[in-house]
Asks: 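Here it is, the structure, as structure tokens.
These numbers come from a predicted model, not from an experiment.
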Amino acid sequence: MTAETHTLTTDGAEITYDVRPGDGPTLLLIGSPMDASGFTTLAGHFPDRKVVTYDPRGITRSKFIGGHAQSTPELHADDLSRLIDAVGDGPVDVFASSGGAVNGLALVTAHPEKVRTLVAHEPPALPVLPDRENALAAVEGIYDLYQKSGQGPAMVKFILSTSVQGEIPAGWIDQPGPSPEDFGMSSEDDGSRDDILLGQNLISCTHYQPDFAKLRAASTRIVVGVGAESKGELAHRAGEGVAAGIGVEPVEFPSHHGGFLGGEFGQMGDPDNFAAKLREVLDAKA
């Protein structure tokens, strides 16, 4: 079915979202900083449900307004709460990926009554890690590198950080590595500092400390997903830590951190099997 596009004004942002009609329960798909286009394949696997996707504040079609340019999990959660109200049919089921999973946790913390089931797939909430000090220092180093040298050098370090196996060693940010050109990027600094990942969401997302007491007490059923092919990686390990804090066992999903992707952004997961697993999890009784 063709998606209907709508806009919603929130605190400091104009949010654009898409609704694919369906007779079943509403399924909200959220990422960050990934926009709605990343869920095109996954949404197509749920024609029986109303599927809602959106662009988070400051990303693609969703613009900052009124001089605001802030993104935190709490602000994203407020946007999502208002989005659920605008769509109606709550409480809704939510599948949340990566930074979107952090925002999903913030949403359930503030508004558990609006979410029936949250599937939080590999939320990179680094304070839950045993090596949190080194992991957070590495992210702060990436942010500082971005402010000093621009997008290319910082993005290389970010990409490398996501694939580190096991605990992050002290001083990781200072280890030598490949150049931006090795990744098809430029080392030239164009002077801009408005990258939505590196400049806007990186610190607030990765430094988010889940409120486990509120999450455990929430009426929402919370499922934490981890990738079968991402074991040992930063977001997978953080997912395991979040699951432990909530008191649930992590659920293994097919493929990797972007296992639901069907070629969006040039990346391929295992979308058919991923969607089947997601349907199984959503249909399971709490």
Side-chain angles (χ1 to χ4, degrees), residues 31-42 55-56 58-60 71 97-102 121-126 129 131 134-207 226-239 253-271 274:
S32 182
M34 188 184 78
D35 62 21
S37 66
F39 288 117
T40 301
T41 300
L42 185 61
D55 295 347
I59 300 171
T60 316
S71 296
S97 167
S98 194
V102 171
H121 186 253
E122 297 202 345
L126 304 188
L129 295 173
D131 53 321
N134 291 346
L136 292 171
V139 171
E140 290 161 7
I142 293 170
Y143 178 80
D144 291 343
L145 182 60
Y146 173 62
Q147 296 299 329
K148 177 182 177 182
S149 303
Q151 183 182 43
M155 186 58 73
V156 168
K157 281 293 188 179
F158 173 78
I159 293 170
L160 294 175
S161 73
T162 64
S163 58
V164 172
Q165 285 289 323
E167 295 193 359
I168 304 292
W172 175 87
I173 192 66
D174 297 319
Q175 294 180 357
S179 70
E181 285 73 18
D182 293 330
F183 286 82
M185 297 182 287
S186 174
S187 297
E188 293 296 321
D189 184 359
D190 64 5
S192 66
R193 294 295 183 270
D194 56 359
D195 186 276
I196 201 66
L197 167 63
L198 298 171
Q200 197 68 52
N201 288 280
L202 183 66
I203 296 295
S204 63
C205 173
T206 59
H207 285 52
V226 292
E229 298 175 14
S230 58
K231 292 177 181 177
E233 294 178 1
L234 202 57
H236 184 116
R237 294 194 299 116
F253 277 72
S255 195
H256 45 66
H257 188 64
F260 54 88
L261 293 171
E264 295 90 343
F265 320 120
Q267 300 177 46
M268 194 71 191
D270 184 4
F274 193 102

Asks: Would you say the side chain of Leu160 lies within less than 4.5 Å of the side chain of Phe183, judging by non-hydrogen atoms?
Replies: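 The answer is yes, as the side chains (C-beta and beyond) meet within the 4.5 Å cut-off.
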Asks: Hey, are the side chains of Val156 and Pro178 touching, using non-hydrogen atoms and a 4.5 Å cut-off?
Replies: yes
Asks: What are the two closest heavy atoms between Asp270 and Pro254, and how far apart are they?
Replies: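 In this case the closest contact between Asp270 and Pro254 is OD2-CB, 3.9 Å.
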Asks: Between atom CG of Leu145 and atom CD of Glu140, what is the distance when rounded to the nearest 0.5 Å?
Replies: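 The CG atom of Leu145 sits 13.5 Å away from the CD atom of Glu140.
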Asks: Between Cys205 and Gly99, what is the shortest heavy-atom contact and its length?
Replies: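 The answer is SG-CA, 3.6 Å.
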Asks: If I compare all heavy atoms of Pro180 with all of Gly152, which pair ends up nearest, and what's the gap?
Replies: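 Shortest heavy-atom contact: CG-C, 3.6 Å.
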Asks: To the nearest 0.5 angstrom, please state how far the CD1 atom of Ile203 sits from the CG atom of Leu198.
Replies: 10.0 Å
Asks: For Glu233 and His256, run side chain to side chain donor-acceptor pair (under 3.5 Å): C-alpha distance rounded to whole Å, both residues' side-chain angles, the deciding distance at 0.1 Å, then the answer.
Replies: CA-CA 10 Å; Glu233 294 178 1; His256 45 66; over 6 Å; no
Asks: Distance from Ser71 atom OG to Ile196 atom CD1, nearest 0.5 Å?
Replies: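 Atom-to-atom, Ser71:OG and Ile196:CD1 are 5.0 Å apart.
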Asks: Would you tell me whether Glu264 and Thr41 have side-chain atoms, one donor and one acceptor, within less than 3.5 Å of each other?
Replies: yes
Asks: Calculate, to the nearest 0.5 Å, the distance between atoms CD and NE2 belonging to Glu229 and His236 respectively.
Replies: 11.5 Å
Asks: Determine whether His207 and Val139 make a side-chain contact, defined as any pair of heavy atoms from C-beta on separated by less than 4.5 Å.
Replies: yes
Asks: Can you see whether Asp35 engages Thr60 through a side-chain donor-acceptor pair at a distance of less than 3.5 angstrom?
Replies: yes
Asks: If I compare all heavy atoms of Ala238 with all of Pro124, which pair ends up nearest, and what's the gap?
Replies: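 The pair with the smallest heavy-atom distance is CB-CA, 4.0 Å.
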Asks: Tell me the closest heavy-atom pair linking Ala138 and Ile173, and the distance in Å.
Replies: O-CD1, 4.0 Å
Asks: Show every side-chain hydrogen bond (donor to acceptor under 3.5 Å, both in side chains) that has at least one partner inside residues 148-165, sequence neighbours left out.
Replies: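 Qualifying pairs: Gln151-Asp195.
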Asks: Would you say Asp182's side chain and Ser179's backbone share a donor-acceptor pair under 3.5 angstrom?
Replies: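 Here the side-chain-to-backbone pair exists.
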Asks: Ignoring hydrogens and geometry, is there a side-chain-to-backbone donor-acceptor pair from Glu122 to Gly227 under 3.5 Å?
Replies: yes
Asks: Which distance, rounded to the nearest 0.5 Å, do you find between the OG of Ser97 and the CZ of Phe253?
Replies: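 Nearest 0.5 Å value for the OG-CZ distance: 10.5 Å.
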Asks: Under a 4.5 Å cut-off applied to non-hydrogen side-chain atoms, are Arg237 and Ile168 in contact?
Replies: yes
Asks: Could you tell me whether the side chain of Val164 reaches within less than 4.5 Å of the side chain of Trp172, counting heavy atoms only?
Replies: yes
Asks: Going by ring pair (Phe, Tyr, Trp, His ring centres under 6.0 Å), name the residues that satisfy it together with Phe39, two or more places apart in sequence or in a different chain.
Replies: Phe260
Asks: Give me the atom names and distance for the closest heavy-atom approach of Ser192 to Tyr146.
Replies: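 Scanning both residues, the minimum pair turns out to be O-OH, 3.7 Å.
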Asks: To the nearest 0.5 Å, what is the distance between CG (Asn201) and CD1 (Ile59)?
Replies: 5.5 Å
Asks: Quick one about Glu181 and Ser187 (side-chain donor to acceptor, distance below 3.5 Å, no hydrogens or angles considered), yes or no?
Replies: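 Side chains of Ser187 and Glu181: pair found under 3.5 Å.
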Asks: Give a yes or no on whether the ring-centroid distance for His121 and Phe274 is below 6.0 angstrom.
Replies: yes
Asks: Does any part of the side chain of Leu261, heavy atoms only, come nearer than 4.5 Å to the side chain of Met268, both counted from C-beta?
Replies: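 Answer no - side chains too far apart.
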